[in-house]
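Notes follow once the structure below has been shown.
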Amino acid sequence: MLLPRGLSLLLCIGIVSGFRPNLESGGINRNDFTDADITEMGVLRAVAWFMERNPLPGKPPMTPGQLENMKPLTASGLFKAYFQADVSASRFVKALQEIIIGNNQVEIHHLEDSSYFFHCEEIAKSITNLRALRDSVLSGLKDPVTSAALESARLSAGKALHVLQKFYSNTNWVELGRTNPYEYLINANSSAFPAAPASKTTCKDCRKDLSGRYLCDDNIVVNDLLTSGYKLSTTCRTKLPGKCGHGGRNDVTQNFSPTGGINKETSDTLLSPHHHLHQQAAELAVQATRNFFVGAGFGLLDQVGHNTFQRFFNLEGYSLTFAIDTTGSMAGDIAQVKTTCIKLLREYYGSSDAPFNYILVPFNDPDVGPIFKTNNVDEFEAYISALKVYGGGDCPELSLTGLKLALQESLPRSKIFLFTDAGAKDKHLLDEIKVLLDSTGSAVNCALTGYCDTRKRRSADKERPETSVRSYTNLYEELTAYSNGYYVMTTKGELSQVLGIMELSLNAAPVKVAHRRVDGTRFSFPVDETLTEITVSVKALGSPGFRITVLDPSGASLASPHTVIDTANHKVVKVSPISQMGLWAVTMSPSGPYEVEIGGKSLLDFSYQIMQKQNEYVLPVQGRPVKGSNYTVSMKLMGDAKSTQIQQLNAISDLGTPIDSIPLNQTSDALGNPLAIAHFSFHAATTLLQVEGLSPGHLPFSRISADSISTESVQIVTLSGQNGTMSPGGSLDISVLVVNDGAAASFSFNVWDDLGFLRGFRPSGSYLNAGGNVTLTATFVAAVDNSSFASSIATFTAKSSAAQNYLKLPIIVIPETALETDETPPVHRLLHFYMPCIGNIQNIPDCSRHIWRMKFSAKDAHSAVTVQITTDPSGLSCNPRTTDEKDVICHYESNCCSPYVEILISDENGNTDTLTVDYRQPRPTAA
């Protein structure tokens, strides 16, 4: 089955890694392996292998292959089998997506660098580059491992995997008959395979069929040396005589002798001359990806240890984090938080819904911290009890500084609760916190028992009707809406009555079923068989004081639903277990405007990527999408989604007002995962995506994305040739382009990075007309005494009174010695040579009685040498000249029936020298 034209790269993330078609190819077979497929399959196998050997406490041990050989092996299926409960894999999927984004970035930033692709026989350079990227991953995973360090490490891992996976599609490893990955690529202690020297012919012309298509099944002429195809770029400007081409109609050299090529990127004969080996190359790339993480002795797991490996893949779960105001007026609030929350945490302790850890960040003015982190409820209770309240007087506190620390310390997609009775003194951090919320996916919940400033904060989108524009009482409500959390304003005496919002956070598989603004008295919503609990939240948008009733599909009202929140303008009830499936409803009295949100617990959910064409590929956008621009949205189902049908994509506002609706056609990727693709343009300031369809039990189902999508009228885009790498003591300039897609406005710019490499940026601001742009350049400097690897994330921001956006780019410090590539082959010297096989002696019957021999030395300046032949190995013997194996003396002898030998002399980096003796005479022809 071929995908429609224009969708060839949209099989999940877009481009493929080592197996990539061109965007304009007119479609590829859906069974071709994409970048996302290779990485996802390899990572899933690695994580499954890890889980098998690290069962949960109290669970029986697993047998090797029990998880890794699951059919099908999916993230949701793996998590359910491992935890033996409904535990969402969304946090792990987020880590996986960051790795794939790093992989994608190679196609944007390094397209002209052959060492990222193994092009042009740059075997040694590509291996050096791969190992340097891997070392930068390890550098980011040294204690203390922060959220920013993990993000940087995942991006670097994606880049490293790009190089690793390219090896199998762009070299002749598969053609050599190799059925295992080339371990030497990332394990210097294993054996290197000799590479073809520059003087060696590696390919011959391909044949052509009647249609003019190249037939290249037997065009490689070396069967004992590594080679790769030539593809012209900035670092490789010519194709050497006698060398293999990359091949395919996108390779300008495929018509130059030797014609054709050797790439196995697709199963399309027009794009991949060795298309018949695509499947084998992909399987080896998957296995190599797995080994990158769990290879014995050299994989990431053995290098960083059990705990860091878990954090790298977000396997630990989520954090339940508290940011608490400790000024004097908060003493009673803290006591209620301790009493109510600890009781609730004890009820869930030990269950699959319990958080992985508990974090507390106290804030005051001018002090914030210290941060407390534990996995033990008793320790957490003791710490809250020991909190000292002090100070006060000036109302605003450093609440956003405390919230920023809470986000940085918490695991991804965590639940964060902020308790205060004051405004924020550090409002300037609001934009930075929104960037953190975008990258972590965590939800912020705010419980206020007072506030200093009651001025309204309104949406900047003045063009939309009032029904779709949310008004914010304060920045706390704005942040909770931005992160899809809960905002509660109450009195100190009633605080304990709203702390039930914490119970909603104790959910290992949270989903959002429906979200709608209702003008009236009734709202209906579907409950499918995968939901094990539901929560009904209703907020009054008009006058306070109302009642709600939850109705099951039979129309009967629930007698005593569990009430979580019950205030004058906000009510939340929880239903568990669920007695009936079908169409439920909630009624409100009196009639009026309400905001209704239905949540629940289920493994059936979806993830999505917003993508746009970049450098001829379709890649995920960075930062926030631009209002009105055209995008491609790729949605992928999670959970037991085999027979699930995706039918419709809806866009709704953050208040639940319908914006747009698009019918969907479901397809699947090479792994068999259901997915759908839609072309979409975002017009609202904030959008939530909703997928509707039929569940595995053929019941109507609905799911809404956990993360809202904010659109802006300004964008920040990368410029070509941005390397992102510097050496210790060196400097690096990174430039981005700020483009104003809205009305003329003055913009201020800001840049920061996580390790403090930034030395300055220019300009600090600019007035941009509609459609205008300006280049923003930042300078970063690495410490002189830093002789090791380091990695950081640089964040660029642009802000006007009506728009703001950001772009995050990785920065890597690599010691110069790590980039030194040994490309010098060993040398040989003939010490003695005796050749009696002259004339016709090789053709006489007793030619075996005549012996020829030679003695030679082989030496390399940097590493030990290996000497091998394929014709008559028994005739060769070598011994070190001294104790140094870099210099050996070899003897070779054979009879005159075979006056020919080709000896390969290679070093530990695969550089090869050849010693050839050929005294063969043509046999006499018959009369």
Side-chain angles (χ1 to χ4, degrees), residues 415 417-418 443-449 451 454 456-459 464-491 494-495 497-505 510-525 534-551 558 561-575 584-600 652-659 684-688 690 702 704 706 708:
K415 314 297 183 181
F417 288 83
L418 185 145
V444 173
N445 306 277
C446 296
L448 275 67
T449 54
Y451 191 71
T454 57
K456 297 278 186 179
R457 297 173 60 86
R458 290 192 173 271
S459 167
R464 303 295 297 174
E466 185 62 27
T467 55
S468 64
V469 178
R470 180 187 290 275
S471 297
Y472 301 118
T473 305
N474 51 56
L475 58 78
Y476 299 121
E477 187 178 18
E478 182 177 353
L479 283 171
T480 58
Y482 189 84
S483 65
N484 288 296
Y486 283 94
Y487 169 81
V488 177
M489 172 71 86
T490 187
T491 65
E494 296 180 339
L495 176 62
Q497 299 177 29
V498 302
L499 289 177
I501 58 174
M502 279 191 49
E503 184 177 353
L504 304 181
S505 297
V511 295
K512 187 184 289 189
V513 175
H515 187 191
R516 184 61 57 91
R517 177 192 168 103
V518 176
D519 290 290
T521 61
R522 184 184 180 97
F523 176 70
S524 300
F525 55 93
I534 55 174
T535 57
V536 180
S537 169
V538 181
K539 291 181 180 179
L541 300 179
S543 301
F546 67 99
R547 300 186 307 275
I548 66 170
T549 303
V550 179
L551 308 176
L558 297 188
H562 173 44
T563 300
V564 178
I565 296 178
D566 187 7
T567 66
N569 60 0
H570 189 192
K571 303 184 188 301
V572 179
V573 298
K574 180 178 176 181
V575 182
W584 287 55
V586 57
T587 63
M588 293 77 67
S589 177
S591 178
Y594 296 95
E595 181 181 359
V596 181
E597 181 176 308
I598 311 299
I652 59 178
S653 74
D654 58 348
L655 264 179
T657 306
I659 298 174
T686 304
T687 303
L688 290 167
Q690 179 184 34
S702 168
I704 296 178
S708 59

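Along the sequence shown, the residues carry numbers beginning at 1.
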Point-to-point distance, once rounded to the nearest 0.5 Å, from [atom1] of [X] to [atom2] of [Y]:
X      : Y      : atom1 : atom2 : answer
Ile598 : Lys512 : CD1   : NZ    : 11.0 Å
Tyr486 : Ile501 : OH    : CD1   : 8.5 Å
Thr567 : Lys539 : OG1   : NZ    : 9.5 Å
Thr473 : Met489 : OG1   : CE    : 7.0 Å
Leu499 : Asn445 : CG    : CG    : 11.5 Å
Gln690 : Arg516 : CD    : CZ    : 6.5 Å

One pair to check against side-chain contact (heavy atoms from CB on, under 4.5 Å): Ile534 and Phe525. What are the steps and the verdict? CA-CA 11 Å; Ile534 55 174; Phe525 55 93; 4.0 Å; yes

Search all heavy atoms of [X] against all heavy atoms of [Y] and return the closest pair with its distance.
X      : Y      : value
Leu551 : Arg522 : CD1-NH1, 3.5 Å
Thr535 : Gly600 : OG1-N, 4.2 Å
Thr521 : Ser591 : CG2-CB, 3.3 Å
Pro590 : Gly545 : CD-O, 3.9 Å
Lys571 : Ile548 : CB-CD1, 4.1 Å
Asn484 : Ala706 : ND2-O, 2.5 Å

Between [X] and [Y], is any pair of side-chain heavy atoms under 4.5 Å apart?
X      : Y      : answer
Pro658 : Arg517 : no
Lys574 : Val572 : no
Val488 : Ile565 : yes
Thr449 : Thr490 : yes
Asn474 : Tyr487 : yes
Ser537 : His570 : yes
Phe523 : Val538 : no

Donor-acceptor check, side chain of Thr480 to backbone of Cys446, threshold 3.5 angstrom: yes or no? no

Expected output: side-chain Ser708 to main-chain Tyr482 donor-acceptor under 3.5 Å: yes

Do you know which of Val573, Thr549, Val550 makes side chain to side chain contact (heavy atoms under 4.5 Å, CB included) with Leu558? Val550

Only one of Ile704, Thr686, Thr657 forms a side chain to side chain contact (heavy atoms under 4.5 Å, CB included) with Ile652, so which one is it? Ile704

Between Arg547 and Ser589, a side-chain donor and acceptor under 3.5 Å: yes

Do Tyr594 and Phe546 have ring centroids that are under 6.0 Å from one another? yes

